[in-house]
Amino acid sequence: MTVYIYEQDLNPMKFSILTCPRQDRVVRLLAKEYGLSLQVMRKVMLGKLDMMLLENLPARYEAWRPENMEDDVLLSSIKPTLLSVAIPIIPEREMHRIMDNARQAVAGGLTPKDAAEKARKEIREVILA
Amino acid sequence: MTLLQKIKNIVRSRSIHVCYVDVGSCNGCDIEVLACLSPRYDIEQYGIVVHNNPREADILLIIGAFTPGWEDKLRMVWDRIPAPKAAVAIGNCPVSGCCFNRPGSLVDPPVSKHIPVAASVPGCPPRPTEILSAILSIAPTVFRDYEVNQ
Amino acid sequence: MNRRTVDVSIPLGPVHPCFKEPARIKCETRGEYVLSAEVELGYMKKGIERIMKGRPWQEVMFLAERVCGICSVIHNMVFIEAMESISAIEVPDRAAMLRVVANELDRMQSHLLANFSYCYTIEHETLAMYLLDQRETVMDMLERLTGARVTCAYIVPGGVRADILPDDMNFITSGLRELEKNISRYMRMFETAPLIGLRSRSIGNLTLEAASRAHAVGPTARASGINEDRRLFHPTYKRLCFQPVTRKEGDNYARIMVRFQEVMQSIGIIRQCLSGLPHGKVRGGGTCSAGAVRYSGEAPRGELTYEITTDDAGRVVEIAIQTPSIMNIEVCTHDLLTGAESIADVTSIFVSCDPCIACTER
Ligand code: SF4
């Protein structure tokens, strides 16, 4: 970690950004989507995103488009690019690993729904780690 | 008055370096200060140079209604400025908080709570000419015979 | 946290000669190369959205203007048009045209200011001062039309505050003629100067993908080839057959040139409005009522969105503002500054995106 001179604690400011109406809506949506509590989701975001990304959260969320996901149950329920590209709280590498695992599980006979459920659990673990 | 003091007075009256800090404004006053730079108002013909560098400034223009981020930093900027120095508040914001001073907002005006303010130019925003004349009228009162008055 | 070799970490700001407003950019560098950059905010957070809540529209109208002093007309316009669309208030034709005139004058002064800052940042002070001088001409026109230089509260529900006098009309048309001549000259200067080219061309390349991922808007996006402009959806601009300016390059040079071209375009739009100005009232009147809307308009820096919920008495119950600078600064720090070839370009790239910290933090 680099240590900067005259650094101040940015968390109160970040928190006030995160609780603005639009940001709040997105955080609540994401928390519900991935089955995390609101507080945990907020804490994760405060830790992993910088101030500019927090400000831009709603716009990035809206700009994120589900790319050809309708026909793929796995993709449409895990939404891999949402958490790795649009709102980068999971490294893309990890996301690929999770997706590969899920695909293998489906190939191994698991129903896509169960596989997606398992993938979400993994995502939760990665987020909380 | 010594000769040295006379020379200092003359030199100081023709070279006023200005630094402006924005402590949470709407930007309206910022650009009016910037407009003073334009050839129309030509701030430099009065010997005023806008450098925006506290270490070589004589006059600090303060714009805005003091947000929490400046809590310790404004003091630091003020301490960096070598004496003799003066702070001028531009606009309603540093004086009263303008329209931001309402329950629930984050601002903490007036700025004179945090550093000594020598003059203020009310207006939302004041015209560039007003800013200019404020700087020109505050400068002699602060800088003339500074060492004698100490 | 994976370890990286960092030579120096350079904090720029909050008080910096090149920035009009306080922002702090923290750059981690290896040699000249910028490994990562982060913009630290919090110097301008006033909490406007919080104080807007529960206040009548008459007050919020003035607060909305003070979200950003540089583009105050568009904040006024978007807020009032959102209120109008909630309460189904009709605007007289003449007022609609005058709104466009005020808005385009505002856009011109904002773009000229942005280009001034860029030229000033790359230390081309002559051109910068020329542009600032032209901006004063535009400010004069704005003052003649609305009565104030900044924060003029010209647009009110159901029309505009005051009609344009024939005298002012002549002043604006003759001013525009002068302006067109000068700006095209400065534009040519910027276009052909080899040293400006060295500091601007292929510096800060923004790709189309990165721009659309971060939802970049305004001239920043249009310089990367995204044909997006909220004015395309505005009824008055539709009548004027408006077409946005786009360029393909996506570098600093393109962003500044897009602004220059838009200034020229604005001159055309104002002329069109003034020559075809219909006769009639400028204030129709109406009552603000309850409802909710999401309304966007094109600010000088890009798409500006207001989400408003009001109650029966015209009080604002819920409000959320999304300003263009949020997206532009974000894309600028994460895609342009990160990986910039030289630390010396950081300020010029940042300024070329026309950042406005006051609206970013509100
Ligand atoms: S005094 Fe008015 S114009 Fe100046 S910064 Fe404050 S709100 Fe903006």
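What you see is a predicted model, and the numbers here were worked out from it, not measured in a lab. Within every chain, numbering begins at 1; the chains are lettered A, B, ... in the order of the sequence lines, protein sequences first and strands thereafter.
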Handout entry: Residue-level interface, residues 38-45 of chain B with chain C, non-hydrogen cut-off under 4.5 Å
Key = B/Ser38, B/Pro39, B/Arg40, B/Tyr41
Handout entry: Heavy-atom check, side chain of C/Arg55 versus side chain of B/Arg102, under 4.5 Å
Key = yes
Practice task
Considering only heavy atoms, give the residues of residues 140-149 of chain C separated from chain B by less than 4.5 Å, sorted numerically, with 'none' for an empty result.
Solution key: C/Asp140, C/Glu143, C/Arg149
Problem - Atom pair CG/CD1 of B/Asn101 and C/Ile51 - distance to nearest 0.5 Å - result: 8.5 Å
Handout entry: Choice from C/Arg66, C/Arg50, C/Lys53 maximising heavy atom contacts with chain B below 4.5 Å
Key = C/Arg66
Fill in the blank from the handout: Bottom line for B/Ala35: the part with an atom under 4.5 Å from chain C's heavy atoms is both
Handout entry: Under 4.5 Å from any heavy atom of chain C - which part of B/Leu37
Key = both
Fill in the blank from the handout: Turns out that what part of B/Val23 lies under 4.5 Å from chain C's heavy atoms comes down to backbone
Exercise for the section: May I have the step-by-step check of side chain to side chain contact (heavy atoms under 4.5 Å, CB included) for B/Cys26 and C/Glu65, ending in yes or no? Expected result: CA-CA 9 Å; B/Cys26 80; C/Glu65 265 192 331; over 6 Å; no
Problem - Point-to-point distance, once rounded to the nearest 0.5 Å, from CG of B/Asn27 to SG of C/Cys359 - result: 7.0 Å
Problem - Separation between OG of B/Ser25 and CD1 of C/Ile357, rounded to the nearest 0.5 Å - result: 11.0 Å
Fill in the blank from the handout: Residues C/Val150 and B/Pro125: closest non-hydrogen pair is CB-CG, 3.7 Å
Practice task
Measure across B/Phe100 and C/Ile48 and return the closest heavy-atom pair with its distance rounded to 0.1 Å.
Solution key: CE2-CD1, 3.5 Å
Problem - Residue part contacting chain B, namely of C/Thr151, when any heavy atom lies under 4.5 Å - result: side chain
Exercise for the section: Take C/Arg135 and B/Ile31, measure what side chain to side chain contact (heavy atoms under 4.5 Å, CB included) needs, and give me the verdict at the end. Expected result: CA-CA 11 Å; C/Arg135 178 173 174 272; B/Ile31 53 167; 3.5 Å; yes
Fill in the blank from the handout: Whatever's closer than 4.5 Å to a heavy atom in chain C on B/Pro128 counts as side chain
Exercise for the section: Check whether B/Cys124 gets within reach of chain C through its side chain, its backbone, both or neither, counting any heavy atom under 4.5 Å. Expected result: both
Problem - Heavy-atom proximity to chain B below 4.5 Å, by part of C/Glu59 - result: side chain
